[in-house]
Structures are given as C-alpha cells and as structure tokens.
Amino acid sequence: MTPAPGSDELTLIRSGLEHDARLTPAGRSFTDRFLQRLVDGANAIDTAFATDPTLAAERIVEPIFVIGAPRTGTTALHRLLAADPRHRVPEGWEFLFPTAHDTPDVIAAAADELGWPQAQQAGIRAIHTYDAHMPKECLSAMSFSFRSEEFVSRYRLPAYVEFLATCDMQPAYAMHKRVLQLLQRRHSTERWVLKSPVHLQSIPELVATYPDASFIVTHRDPAEVLASVSSLIATLRRAFSDDVDPVEIGRYHLELYARSLDALVDHTAGTLPVDRTVHVTHTELVAGPTSTVRRVYDALGIAFGDAEANAAADAAAVEREDGVGAHRYHLADFGLDPAEIRPRFERYSNRFLGEG
C-alpha cells in the first residue's frame, strides 16, 4: 500500500528537509508544493484502485527497461526507442499526474514543476532538460511511495539516504506498476519502454515486478560516470540550496555505484534473463545511434525495418542538452581521484568495458 501522509517515510523526508537540506526560502516553497503533489497523487491513486478494482488486473506485457548508470546514455537511448510508434514512453505530465488527463491546467502544472529548477539554476539545461511532454524516467512514479532517489537527487538528506540503502524497495515497484496500469487503462499500448538509472540499486525487485521484461544496460567508464552524475546532482541541488557540498556528493556516488555496479556483475549472471538483456556501451551509442538501436532490436527479436531506422535517425539528429551549452566537470571538483576509482570498479570494468 502507498504510505499515507504522515507515514514514517514522509516524516523522515520532512525531518531531513527541515534539519539537513539547508533550503533557501524559494527552495522551501517549491518543495512544499512538490510534497503536497505527491501526497495528493498517492491518495488519488489509492482512490482510483479502490473505486475500480479491475485496474489491478491490467497487464503490463513485456516492457523494455533501460537501466544503465546515470550519464551512460540512458536518456539518449530512451529517446531513440521512443521514436518507434509501437512503443509507449511516459511523458513528464503523466508520471507527475497519473490520475489526471492532459488538460491545459495539468500540462501547465507539470511544466511549471519540471521547469522551476531549470529557471533557478541555468546550468541544469546543459546537463539534462525536463519538460511536460518529454519522456520521463521511472523514479517520478516511484516517488508516490516516498521511496525514491528523486528526494536524494534534489536535497541533502543523510538519514533518508541510510534508510533508502536498506529498505524494502518492493513498495516502490508496486507503486510504479500501479501508475503504469492507470496510464495504460486510459491509453492502451503494445509495449512500454521505460528507463531509470535507479533500477541498478533494485534489480531483483524490478525483475520480480515485471518478470517478462527485457533490459538494456548501458555502460561507460566509471570515472566519467561519477564526475558527470556528481556535477548534475550538485547543479540540481543548487536550485534549492545555497549550501551544497560537491565533495560529499562525489563520495556518495562513489560508494553507491561501487556497490551497484559490482552487484550488476552478479545480477547479469543470475537475476537478469540472459536472452532478454542487451548491453550497450556509451562509446557505441555515440558513434552509431541507429546501428545501436538496430542491434538492440535484433537481440530482443523486434522487427527493425526502414521505418524504424528512419525514426531512430531523425530522433538522433534532434539537439537536446548538447545544444544548450557545454557541460564541463572534473573529478577533482568532487574529491575523487582516478587512482581510487579504478580498483573499486575493476570487476565491473573487466566484465563490461573489456578492460583487464
């Protein structure tokens, strides 16, 4: 069940926001609205399923998940797959307001929420853009359970970080499925295509929730990943706080991805289905977006003809973050040293990047 307002999760988040997040007045005002939307949305989801019990029988059939680490090309690949009209990709407004319809007021509310951090901190758009009609990643649906990395991405919440590292994430995936069921009831689809790097931390729960799913895992040099994601999170947090510690953020990501990418090696050998899992390197994707999509389709047994190739090529040609300004980052800015990183990720790099 979705935690009711006042639950332990929400109480922990609110305590961290009050004592640890160091919010600006504007950041606090936005956050109050953000949390109220989640509380209202969780209640509306509960009401929808109570009113129509048949929603729980809505089948999510053979979805595709892009689950690589942040900054490995997950967003770019998701957009390429979204160009296929056979695929359903959730838009920003849908994951923010899953029980609503796309009225002008709903679209405007989603655009305001997604655009607010970008308006506060200009550097965000050079790293990652957000919009009401752009594809949205899974953590926004999971946030209605109040067990989501979305809170950590925006705010300094050390106690919540500890909770998230050890809690049962199945309620978050149950909520994620409920959101898809609601959206699918309103607009049926042949296949969902979804993405979020947060799935790396919960691969067993993801597979258990969607046992017939296929998975695309993207890979990149861990040093590049750590520098880029730490830059993104530091920039995002500055929209809400004037007191952001880049070194603390860098250390957090080092520990988080040292664990999850090492675990990925084991999950690839067991939890993830071998015949429905495809691995893609960032280098391959950048060098040949359309050929990469073709290889993914071939591996998953999905037809890929001229129409699909043209759609992927057109999507690859559209400028996104790279057209907004350069995203520059350095490991040292986040207290990270390549000499420390390499041994922590040696097993992962040997397995997926052909090193060693």
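Only heavy atoms go into these numbers, but all of them, side chains included; no hydrogens, no water, no symmetry mates.
With hydrogens and angles disregarded, a donor-acceptor distance shorter than 3.5 Å links the side chain of Arg88 to the backbone of His187. Formation of a donor-acceptor pair under 3.5 Å by the Ser188 side chain with backbone atoms of Gln184 is not found in this model. Side-chain atoms of Thr103 come within 3.5 Å of backbone N or O of Val106 as a donor-acceptor pair. Proximity of a side-chain donor or acceptor of Thr218 to a complementary backbone N or O of Val280 within less than 3.5 Å is not detected. At least one donor-acceptor pair closer than 3.5 Å links the side chain of Arg186 to the backbone N or O of Ala100. Listed for the His267 side chain is no donor-acceptor partner under 3.5 Å among the backbone atoms of Ile203. With hydrogens and angles disregarded, a donor-acceptor distance shorter than 3.5 Å links the side chain of Glu308 to the backbone of Gly305. Of the possible polar contacts, none joining the Asp52 side chain to the Ala48 backbone as a donor-acceptor pair under 3.5 Å is found.
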| task | Take Tyr160 and Val152, measure what side-chain contact (heavy atoms from CB on, under 4.5 Å) needs, and give me the verdict at the end. | result | CA-CA 8 Å; Tyr160 184 76; Val152 177; 3.8 Å; yes
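For the residue pair Ser228 and Arg71, a side-chain donor N or O sits within less than 3.5 Å of a side-chain acceptor on the partner. Checked by atom type, the side-chain pair His279/His219 shows a donor-acceptor distance below 3.5 Å. With hydrogens and angles left out, the side-chain atoms of Arg295 and Ser291 include no donor and acceptor closer than 3.5 Å. No side-chain N or O of Asp20 forms a donor-acceptor pair with one of Tyr155 less than 3.5 Å apart. Side-chain polar atoms of His253 and Ser230 form a donor-acceptor pair below 3.5 angstrom. At a cut-off of 3.5 Å, with distance as the only test, a side-chain donor of Lys195 or Thr74 sits close to an acceptor on the other residue. No side-chain donor-acceptor contact under 3.5 Å links Asp32 and Gln36. In summary, the side chains of Thr54 and Arg185 do present a donor paired with an acceptor at a separation below 3.5 Å, with no hydrogens or angles considered.
Taking a cutoff of 4.0 Å between a charged side-chain nitrogen and a carboxylate oxygen, Glu150 and Arg154 qualify as a salt bridge.
Taking the centre of each ring, Trp116 and Phe240 come in below the 6.0 Å mark. Less than 6.0 angstrom separates the ring centroid of Phe352 from the ring centroid of Tyr348.
Checked against Phe151 for a side chain to side chain contact (heavy atoms under 4.5 Å, CB included), the options Leu35, Leu17, Val161, Leu164 give a single hit: Leu35. Checked against Arg22 for a side chain to side chain contact (heavy atoms under 4.5 Å, CB included), the options Asp243, Asp242, Val244 give a single hit: Asp243.
The cationic atom of Arg178 (NZ for Lys, CZ for Arg) lies less than 6.0 Å from the six-membered ring centre of Phe49 and within 45° of the ring axis.
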